[in-house]
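Just so you know, these numbers come straight off a predicted model, no measurement behind them.
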Amino acid sequence: MPIPALRIAVLCAALLALPASAQTPAITPAGAAEALAWRALQACVAISKGAPLETAAAQAGFIKDDTGWAAEIAERSLTLEVATPPAPPGAKACLMVARGPLADHEGLRKRVDAWAIKEGFQPAIVGVTQGGGQSVRYATPDEARAIVLARYPETGNPAQPTRSVLFYGWINP
């Protein structure tokens, strides 16, 4: 029985209630962080197809540290992790969190949009997450896979006005 993409998106929002980091340096030109975020999506896809987190994360440019898989690039901190949401049964999720604003969040969104349509996902649905993030969500017609790209406001920290989160969720066959 397919799980509605909206339910996966709600689970995503619950998983993404992450605290903001203390400080992030000033914004730098677009490019390096967005490229790493794109490689993180490709790592998540590989993980969903059975690749070990360690292999996919390392190939995408992340390094294992005390807190998990992380990367510092273009004055931004990115993390990559795999989680098992509390529901639906058999679901898995791969999360990439970019702390500090991606200089070209919309450019990354356009790249994800083009890739998702090519890979058989339905057109994007724009919305707002439970955590107040502006989101764009994609799902396969059978709703077994979902992608959510969200941008969250970070109030009170002018050096980090936003954080971007990329969620790739799937139901194990």
Side-chain angles (χ1 to χ4, degrees), residues 3 5 8-9 11-19 21 24 28 30-86 88 90-122 124 129 131 133 135-140 142-152 162-173:
I3 305 300
I8 291 174
L11 291 171
C12 168
L15 288 170
L16 300 178
L18 302 171
S21 62
T24 301
T28 59
E34 291 72 18
L36 182 59
W38 175 251
R39 289 194 310 272
L41 172 63
Q42 298 308 307
C44 288
V45 171
I47 292 164
S48 77
K49 293 179 179 179
L53 170 62
E54 296 77 16
T55 303
Q59 288 175 347
F62 289 80
I63 297 171
K64 179 82 169 162
D65 67 13
D66 296 350
T67 61
W69 289 93
E72 295 287 332
I73 192 162
E75 299 179 342
R76 285 148 188 87
S77 172
L78 285 79
T79 57
L80 184 68
E81 67 178 277
V82 173
T84 302
K92 297 241 184 209
C94 183
L95 302 168
M96 184 281 305
V97 178
R99 299 230 183 261
L102 289 178
D104 191 13
H105 179 94
E106 287 305 312
L108 177 61
R109 181 215 163 159
K110 288 177 185 175
R111 192 168 185 183
V112 171
D113 189 70
W115 177 86
I117 297 301
K118 181 180 167 192
E119 292 296 314
F121 285 77
Q122 297 175 341
T129 69
S135 69
V136 59
R137 181 180 55 85
Y138 311 84
T140 54
D142 64 0
E143 299 183 342
R145 295 182 185 274
I147 301 170
V148 178
L149 179 60
R151 179 173 33 202
Y152 290 85
T162 63
R163 78 179 185 273
S164 294
V165 178
L166 180 68
F167 167 90
Y168 183 79
W170 65 94
I171 306 296
N172 286 339

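The two residues Asp65 and Ala70 have their closest heavy-atom pair at OD2-CB, 3.7 Å. Across every non-hydrogen atom of Arg137 and Val148, the tightest pair is CG-CG2, 3.8 Å. Taking each heavy atom of Pro85 and Ala91 in turn, the nearest pair found is CD-O, 3.4 Å. Here the closest non-hydrogen pair linking Phe167 and Ala93 is CE1-CB, 3.2 Å. Residues Trp69 and Ala58 come closest through the heavy atom pair CZ3-N, 4.1 Å. The nearest pair of heavy atoms linking Leu36 to Ala71 is CD2-CB, 3.4 Å.
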Please tabulate, for the side chains in residues 106-118, all donor-acceptor contacts under 3.5 angstrom to protein atoms that are two or more places apart in sequence or on a different chain.
{"unit_1": "Glu106", "atom_1": "OE2", "unit_2": "Arg151", "atom_2": "NH2", "d": "3.1"}
{"unit_1": "Asp113", "atom_1": "OD1", "unit_2": "Tyr138", "atom_2": "OH", "d": "3.4"}

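Between Leu78 and Met96 there is a side-chain heavy-atom pair separated by less than 4.5 Å.
Expressed to the nearest 0.5 Å, how far SG of Cys44 lies from NZ of Lys49 amounts to 12.5 Å. Remark: Glu72 CD to Phe62 CZ distance equals 10.5 Å, nearest 0.5 Å. Between the CG atom of Leu80 and the CD1 atom of Ile63 there is a distance of 13.0 Å, given to the nearest 0.5 Å.
Checked by atom type and distance alone, the side chain of Thr140 pairs as donor or acceptor with a backbone atom of Arg145 at under 3.5 Å.
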If you apply the rule side-chain contact (heavy atoms from CB on, under 4.5 Å), what do you find for Ile147 with Leu166, and how did you get there? CA-CA 7 Å; Ile147 301 170; Leu166 180 68; 4.1 Å; yes

Let's go through Cys94 and Trp170 carefully: what are the C-alpha distance in whole Å and the side-chain angles of both, what is the deciding distance for side-chain contact (heavy atoms from CB on, under 4.5 Å) to 0.1 Å, and is it a yes or a no? CA-CA 9 Å; Cys94 183; Trp170 65 94; 3.9 Å; yes

